[in-house]
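To find a chain, count down the sequence lines: A is the first, B the second, and so on, and within it residues start at 1. Computed from a prediction, not measured in an experiment: that's the story for all the values here.
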Amino acid sequence: MQKKSKARKSMVSSLMPSLGSLAKRGLAGWLVIIGIVLVTAIVVVTMISPWIRPHDPSTILVGQPLVAPNSQFPFGTNDLGQDVFSRALSGGGIMLQVSILSVAICLLIGVPLGLFSSYAGGIIDRIFCLIMDSIYAFPGLVLAIAVAAMLGRGVTNMAISIAVVYVPSYFRVIRSQVLSIKEMPYVEAANSIGAKTRTVLSRYILPNVVPSIVVIATVNFADAILTAAGLTFIGLGVPVDIPDWGWDLTNGRRLLTSGAWWVITFPGIMIILLALGFTLIGEGLSELLNPRLEQ
Amino acid sequence: MTLRSYVISRIILTIPMIFILLTMVFVVIRILPGDPVLLHFEKAENLAAMEEMRHRLGLDKPIWVQYFEYVAGIFRGDLGESMQDYSPVAQQIWSAFPATMELAIFSMVVAVAVGIFFGVESSKAYNKPQDHMIRIFGIVAYAIPVFFLGMILQITLGVGLHLLPTGLRFNPTLSTPTGISIGNVHFSTGLYTVDSLLEGNIYKFVETLRYLFLPSLTLGLVLSGVFIRLTRSNMLETLRLDFVTAARARGLSENKVTYSYALRNAFLPVLTMMGLQFATLLGGAVLTETTFSWPGLGRYIVDRIGFRDYTAIQGAVVLFGIFVSVVSLVVDLLYAYLDPRIRL
Amino acid sequence: MNREPAHLLTVKDLAVEYWTRRGIVRAVEDISFSLDKGETLGVVGESGSGKSTLGLSLIHLVPYPGRIIRGTILLEGQNILKFGNKETRDLRGRRISYVFQDPMTSLNPVERIKNHFVELIRTHEPKVTASEAITRTRKLFKDVGIQPERIDDYPHQLSGGMRQRVMIALALALNPSIVIADEPTTALDVIVQAKILDLLKTLQDTYGMALMLITHDLSIVLERSDKIMVMYAGRIVEQALSMTLYAQAQHPYSQGLLKSIPNIELAEQKLTAIGGAPPDLRNPPTGCPFWPRCPYIMEICKIKDPPLFQTSKDHFAKCYLYGGEKSS
C-alpha cells in the first residue's frame, strides 16, 4: 500500500517542477514565479487584512466622502466616506471564494467526465462531445448570466454559473490528452494483463493528464475572477455588505462624472493583478510543459 | 474531402448543435429555477396573478408541450412574450440586435487591426525591448475587466478630453439613420454606419463613428491580446522559413518580405481565431454595452434581469446562441473556401 | 593610372559569429580567397563547416543571431559589408545571386511562378512592365529547360528538378556576375542531380558568370570547378586548383575526403571514412580543430592552430606538415 502511493507521488512530482528549479528555466519559469508571488501576496493580504488595514472598510463616514487620495487616506474615500485603501485590502474575499469554488466544481465534474467519456469512446463519447462543444461554443458570459439570473445571487450560485461555462474546457483538454495516451503501448500493456478500467485510469492516465489540468485550472481561475467581477457589475453579485472589489467598481461607476476616479481605479487594479497573477502562472506553466520551439 | 462535402457536413452539424443550444437555454430558464413565474413574483402572494401569467405565457402546460411550442416558436421567429407586458420579445429586441452586431463588428476590426499591427512589430523586433513590451501588453490586456477599461477610457478620453461621448449609441438631438428608400422598397440594415451612408448623410456617419469609437476600442483592446500573440508567433515561424530568406536573397525589401510574404501566410489562422473569439466577443459586448449604455442585446438582457423578466431573457439568450452558431458556421465555410488544402 | 581591381571578388579575413543563448559560436573564421570572372569555385565541407554561412555572408544575409564580426568582401573593388540598405538590396539578386538548397521550400507557395519573376525584375528594374518581365521569364525558362507554359503554375505543381531550374532561372534573371549555389542538388535524386549540374555549366558558358558551388560532395566539385576550397570547423584548411587537389591533396582532411569517394572502377575498394565527428563550435578544441581526427598529429597540433601555409603557387594548406612554427 505504501509503495503504491509513494510511486504515485513521485510520478506526479516528477512532472511538476519544483519552485527552485523554476528560476532556472528561463523566462517561462520567471513568469510562473511572478505569478505565484502576485497571487500569494494578494491572498495573504486579503486574509490578514482585518489586522493590517487602517480602518474598517465597511464603516461609513470614516472620513469625508469623496476625498481624493492624500496622506490620511492613501486611496481616498468613496461616496459613503469609506476608506478605499482598506476596501482594496479586504475586497478580494468574495472573488477568491467564488473562483476557488468554481474551479473545485469544474475539477469534480469536468475531470471525471472527460476521463470517462474519452476512455469509453463510442456513442457515449460522441454525445458528450456534442453537448460539451455546444456549451463551449456559447458565449461564456451570457450563459453565466443566464444561469446566475435563474439561480439567484450568492457565492455558491455564482460559482456554479461560472463552473457551467468552464466544464467543457476541462472536458476537452482532458479528452485530447486521454486520446493520445490511450493508444500508448504502456496502456495497452496494462490492459492486456487485465487491469481494471478504474486502475488504468487512475494510475496511468491521470498522472499524465495532471499537468494539463493544472494549466487549465489556472486559466480558469483568472477567467473566474473576471467573470465574477462581470456578474457583480451587472447586479448578480453577492447581496451582502462585505467589501468586494466588484461591488466597488459597480458602485463607483456613478461617481465617475464627478471626477472621483480613485473609487474604481484601485479595486480595478487589484482585480487586474489577481487575474494577471493566475494568467502568468498559466502562461508560464504551459510554456514549461509544452515548450514552443522558439529558437 | 472536397469543398462541397465539407460544406454540407458542416451545415448538417450545425443543426444538432442549435438544438442542443435551444434545449440548454430551455433547461436553464424553465427547468432550473423550478418555476420562473414564482421567481418573477418573488413571493407567493398574489396567486391569482401568478396563475394568470402562467396561463398567458403557456407555462402551465406540461413540460414537453412547452418545449415543443418553444422550439416551434423559434422557427417561426417567435421568441416568446415578455413577463412584464406580454409584448413579443422578438419585437422588443428588433433594434437591439443590430446595435450589438455593429458593436461586435467594429470591436473585432479593432482587435484584429491592433493585433496584427503589434504582432508584426513584435516579430520584427524579436527579443528586443519592444517585443517584450508588446507581449506584456498582450497578456495584461486580457486580464483587464472590460468594463473597467471602459470606465477608464470614459474618464480619460471621454470626460477628460471632451472629445468623445461616453454613452449611448447616437446623438439624441438627431434622427437616427434609417437607410434609403427606392420606390416602395426600403433598405435599412439597422447598422447605423451603413444606414447613414445609404442615406448619404455624412454628418450622421461621423456621429455614428464618434459614438462607436470608445465602446469598440474598449472591447477591441481587451480582445487584441490573442491576436497579437497569434500574429507574432505565425510571423516568427514564417519569417524563418526558407522562402523568406530566398526572397531577401533576391533583393526584395524588408517591407515587401514582411507584409507580402510572411503576413499573407499568417492570415488564415487569424481568420479562424476570429471565429473562435466571436463568442468571447459577445460576452464582452454585454459588459461593454452596460458600461456605455449601448442599446444592444446585452444591455437588454441586463435590463430584463432587473425586471425579473425571464421569458424575455430566454428569448434574448436564444438569439445570442443562434447568432453565434451562424457566425461560426460562416467562418468555418469561409476558411474552408480559402484553405488551399481543402480546395484542392 | 587606372588600376583594375585584381579580382571580381576578394574576401579577406572574414569571420562570422552566431550569438546564441547558449554561447557564441564561431561559425566562420579567417576566410580569405578570391574569385575571377567566369571562374568556378568549389567550397567543400561537412555540415557545420560554415560553408553556408560563408555563402550567405557574401550577400550580407547572415541570419539572426549571426553577425559578421570581421573582414572585407570586395566586389569589383567595393566593400559589400559597408553598403547601406539600398545598395545591399541592389546587390542581392542582381550582382550576386543565391540558389538555395531546397527548392521545395524556397519558393513562395501562394504565388505563381511568373509572379516570382515579375516581382524580382520589377524590384530591381522598376521601369520594366509586367508583360516585358514575363517575356524575359519565358526566355529564361527556355535557357534552363522548362516549358514556358509552366510559368502560370504554383510551386507545388512542379517537380523537384523543375523547381530547382526555376531557382536557377531566378538567379540568372538579372545577369549577375556571381551565382552562389548552395548544395544545389542535395535535395534532388541522383539522375536529376547530374542534369542540374550540367545545366549550370552550360549556363555559365552562355551567361559568363562566376560560379561558387557549395557542397559536401567533393566528387561534384572535382569535375566541375576550376579551384576548390576545403572547409573544416569554419576555416579553410586547403585551397588549390581542382586538378592539383585531386592529384595531391595535402591536408589530412582533404585526403580523407578523397579516399571516401567511391570509385566505380575499383572492384574491391575499401571505403574509408574519417573517424570521429566535427567539433562543437561553441567549445572548439585548442590548436588545430582537426587534430582529434587526424592520423598525423604532432604535439604542436594540439596547442596552436596552424596558419595557412602556401605550398606552391596556387596551393595552400593549413597544416603543420607543410611548415613549422618558424614559417609563419
Side-chain angles (χ1 to χ4, degrees), chain A residues 27 31 130-131 133-152 161 164-165 222-223 225-227 229-231 233-236 245-246 249-250 252-253 256-257 259-261 264-265 267-269 271-280 283 292-295, chain B residues 13 16-21 23-25 28-29 32-33 36 39 132 139-140 142-149 151-152 154-156 158-159 166 233 236-237 240 278-287 290-291 297-298 301-302 304-306 308 310 313-314 316-317 320-321 323-325 328:
Chain A
L27 180 65
L31 286 182
L130 201 54
I131 298 179
D133 280 347
S134 303
I135 301 180
Y136 187 75
F138 199 82
L141 192 64
V142 177
L143 184 59
I145 290 177
V147 175
M150 304 319 292
L151 288 178
S161 341
V164 167
V165 174
D223 275 337
I225 290 166
L226 293 172
T227 312
L231 287 175
F233 186 67
I234 290 188
L236 293 169
W245 296 329
L249 286 182
T250 320
R253 188 171 162 230
L256 282 185
T257 41
W261 56 270
I264 59 158
T265 308
I269 293 181
I271 296 181
I272 296 178
L273 287 178
L274 187 57
L276 192 59
F278 281 113
T279 310
L280 288 177
E283 284 288 320
R292 275 166 283 196
L293 298 162
E294 218 180 80
Q295 223 281 331
Chain B
L13 185 64
M17 284 191 79
I18 291 191
F19 259 100
I20 293 183
L21 229 91
T23 313
M24 218 164 61
V25 178
V28 168
I29 304 221
L32 202 60
L39 218 57
H132 295 304
I139 297 182
V140 173
Y142 192 71
I144 302 183
V146 63
F147 53 94
F148 181 63
L149 180 64
M151 293 197 277
I152 299 285
Q154 275 174 329
I155 307 180
T156 48
V159 174
T166 56
S233 78
L236 284 179
E237 225 180 84
R240 227 199 317 264
F278 193 71
T280 319
L281 179 75
L282 283 189
V286 172
L287 295 174
T290 314
T291 314
L297 211 51
I301 292 183
V302 174
R304 293 292 111 188
I305 292 179
R308 293 190 301 279
Y310 299 109
I313 295 175
Q314 174 185 284
V317 173
F320 255 111
F323 186 35
V324 170
S325 304
S328 153

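Looking at Val324(B), only its side chain comes within 4.5 Å of chain A, counting heavy atoms on both sides. At a 4.5 Å heavy-atom cutoff, the contact between Leu280(A) and chain B is made by side-chain atoms alone. Residue Leu236(A) touches chain B through its side chain alone, counting heavy-atom pairs closer than 4.5 Å. For a residue to count as touching a neighbouring chain, one of its non-hydrogen atoms must lie under 4.5 Å from one of that chain's; by this rule Pro145(B) touches chain A with backbone and side chain alike. At a 4.5 Å heavy-atom cutoff, Ala222(A) makes no contact with chain B through either its backbone or its side chain. Residue contact with chain A, scored on non-hydrogen atoms closer than 4.5 Å, is absent for Glu237(B). Interface residue Ile144(B): backbone and side-chain heavy atoms are both found under 4.5 Å from chain A. Contact annotation for Ser328(B): neither backbone nor side-chain heavy atoms come within less than 4.5 Å of a heavy atom of chain A. Ile155(B) touches chain A through its side chain: at least one heavy atom from C-beta onward sits under 4.5 Å away, while N, CA, C and O do not. Proximity to chain A (any heavy atom under 4.5 Å) is restricted, for Val286(B), to the side chain, taken from C-beta onward. Using a 4.5 Å cut-off between heavy atoms, Asp223(A) contacts chain B through its side chain alone, with no backbone atom that close. Both the backbone and the side chain of Leu287(B) come within contact range of chain A, judged by heavy atoms closer than 4.5 Å. Ile264(A) touches chain B through backbone and side chain together, each having a heavy atom under 4.5 Å away. Neither the backbone nor the side chain of Ser325(B) comes within less than 4.5 Å of any heavy atom of chain A. For a residue to count as touching a neighbouring chain, one of its non-hydrogen atoms must lie under 4.5 Å from one of that chain's; by this rule Met17(B) touches chain A with backbone and side chain alike.
With chain A as partner, the option from Thr290(B), Leu149(B), Leu282(B), Ile301(B) having the largest number of non-hydrogen pairs under 4.5 angstrom is Thr290(B). Ranked by heavy-atom pairs under 4.5 Å with chain B, the first of Gly140(A), Ala275(A), Ser134(A) is Ser134(A). Ranking Leu276(A), Leu143(A), Thr279(A) against chain B, the residue ahead of the rest is Leu276(A), based on heavy-atom pairs under 4.5 Å. Comparing Thr291(B), Val302(B), Ile313(B), Val140(B) by how many heavy-atom pairs each has under 4.5 Å with chain A, the most go to Thr291(B).
In this structure, the separation between CD1 on Ile272(A) and OH on Tyr142(B) is 14.0 Å, given to the nearest 0.5 Å. To the nearest 0.5 Å, atoms OG1 (Thr265(A)) and CZ (Phe148(B)) are separated by 5.5 Å. Rounding to the nearest 0.5 Å places CG of Leu141(A) at 12.0 Å from CG of Leu281(B). To the nearest 0.5 Å, the span separating CD1 on Ile234(A) from CD1 on Ile305(B) amounts to 6.0 Å. Distance CH2/Trp261(A) to OG1/Thr156(B): 12.5 Å, rounded to 0.5 Å. Here the CD1 atom belonging to Ile131(A) is positioned 12.0 Å from the CG atom belonging to Leu21(B), to the nearest 0.5 angstrom.
In plain terms, the two heavy atoms of Gly283(B) and Pro139(A) that are nearest each other are N-CB, 4.2 Å. The two residues Met150(A) and Val28(B) make their nearest non-hydrogen contact at CG-O, 3.4 Å.
Two residues are said to be in side-chain contact when any heavy atoms from C-beta on lie closer than 4.5 Å; Val317(B) and Phe138(A) meet this criterion.
Side chain of Arg253(A) to main chain of Met151(B): no donor-acceptor pair is present (N/O by atom type, distance under 3.5 Å, no hydrogens or angles).
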